[in-house]
There are 2 protein chains.
Amino acid sequence: MGTTNEGERPPGPHPTGAAFLLAQLGAHAAKLFAERLVELDLTPPQGGLLRLLAGSPGRSQRELADDLGMPPSRFVAFADELERRGLIERRKNPVDRRLYAVHLTDEGGKVLAKLRKVGAEHERRMTEGLSEEEREQLTGLLRRLADRQGLSPGVHPGFRSVRAERSGRAERSGRRAGHREGVPGDGVGDGGSSM
Amino acid sequence: MGTTNEGERPPGPHPTGAAFLLAQLGAHAAKLFAERLVELDLTPPQGGLLRLLAGSPGRSQRELADDLGMPPSRFVAFADELERRGLIERRKNPVDRRLYAVHLTDEGGKVLAKLRKVGAEHERRMTEGLSEEEREQLTGLLRRLADRQGLSPGVHPGFRSVRAERSGRAERSGRRAGHREGVPGDGVGDGGSSM
DNA sequence: TATTGTTATACTCTATAACTATA
DNA sequence: TATAGTTATAGAGTATAACAATA
């Protein structure tokens, strides 16, 4: 095995398996997406919250924090920022006055629309070089793997290192039995809670 | 709509594109691999260094730090730990005495061998559910994407976090202990399955 | 003067644990 | 007593920059 070491590239044989490629491409995709989000002045978790609110408005901060994988204490400043920017709003729940109902504002809806556009572009950018058939082939295989690995759709534990100058991160996931809230008008281009 | 939904699964439509799946599966793969590495008392970057050293021994700390994507200042404590555990060693470069030549020790080679075994298992674990043909298909597609995205093989930037659980630091004094002249011949081939 | 290895400092980010107000 | 939201504190981890030795 030639272990000559001249250039800057990491020399020697490299891992080439699917697992490594997945990790590499996944980190790349997350990083690229985070960079695109900067245009909207959003971090991945922030984008994730907007998407979440579009899917099911009016939930409590604790629930949302759980979905985003952050402690409730951290969610406060997180939501403060977005509320200050007029993208979301807190409404007091009249029934249980301990709870807030978090909603998307009109402005938040506009930003979300842009977010989806960015997500769609990101999807194309990541799969460029593949034919339509190959793209479907790939997506199918990935979906099977994700299912096999028990990854629930919609949210994934975030990569860190996505320093888009603004803070924000997500990790950990608390899953429970499934039950969804069908809310119309949510196409969702792309963008996980933290991708 | 019911504000309080009992189910915790994020409601509403979810992103299903290849980009999202890549990020999700990539994070999952990295996390799973990191968990396996705990058995060897290694973090992903530590494993990465061992693999790097097997591929091309004797390089300078700066070079290695660059490959691992960490600032040279951080590499110092990073290497200190592995040297303390006897997995790597620093040898002074007689030609340019500013440089260290970092090498794998025999013990480090043994750990690397285990690391590769873990990597191979991880590869199987991540691709289970696919036929041999599908696995090759997937790997081929991923490799094309990685190439298209300009990702150089061997190292990826997803490294970070992953605490080393036990940290015996707080050594203010310089370590300046004797540098043992190591033995040449790190006969560790490479399989390259260490993410 | 430039570069390697190193140390020291400052800063960012985070979770943990109180504290309040409701229930 | 338990829970949602909040605040405050402390700790981990990081990069930045300064420094000494060598080129």
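Letters A, B, ... are given to chains in the order of the sequence lines, protein chains preceding strands, and every chain is numbered from 1. Small disclaimer: the values here were computed from a predicted structure and weren't measured.
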Scan A:Y100 against the nucleic acid and name what it touches under 4.0 Å (heavy atoms): base, sugar-phosphate only, or nothing.
sugar-phosphate
Does any donor atom in the side chain of B:H28 or A:Q149 lie under 3.5 Å from an acceptor atom in the other side chain?
yes
Rounded to whole Å, please give me the gap between CD1 in A:I88 and P in D:dG5.
12 Å
Nearest whole angstrom, please: distance from the P of D:dT14 to the CZ of B:F75.
15 Å
Partner residues of B:R124 under the side-chain hydrogen bond (donor to acceptor under 3.5 Å, both in side chains) criterion, sequence neighbours left out
none
Rounded distance (Å) that lies between atom P of D:dA4 and atom CZ of A:R59:
13 Å
Find the distance A:L99:CG to D:dA2:C1' and express it as a whole number of Å.
13 Å
Between D:dG5 (C1') and A:R91 (CZ): distance, integer Å:
19 Å
Output yes when a side-chain donor or acceptor of B:Q61 lies under 3.5 Å from a complementary backbone atom of B:F75, and no otherwise.
no
For B:L115 versus B:G47, what's the shortest heavy-atom pair and its separation?
CD2-O, 3.6 Å
Rounded to the nearest Å, what distance is computed from the CE atom of residue B:M70 to the P atom of nucleotide C:dT6?
14 Å
Above 12 or not: heavy atoms from other molecules or residues under 6.0 Å from CD of B:E133?
no
Around atom NZ of A:K114, are there more than 12 heavy atoms from other residues, nucleotides or ligands closer than 6.0 Å?
no
Under a 4.0 Å heavy-atom criterion, the protein footprint on nucleotides 16-23 of chain D, written with B, S and -, is BB----BS
In whole angstrom, give the distance that lies between atom CZ of A:R62 and atom P of D:dA4.
5 Å
Rounded to whole angstrom units, what separation is found between the CZ atom of A:F78 and the P atom of C:dT14?
10 Å
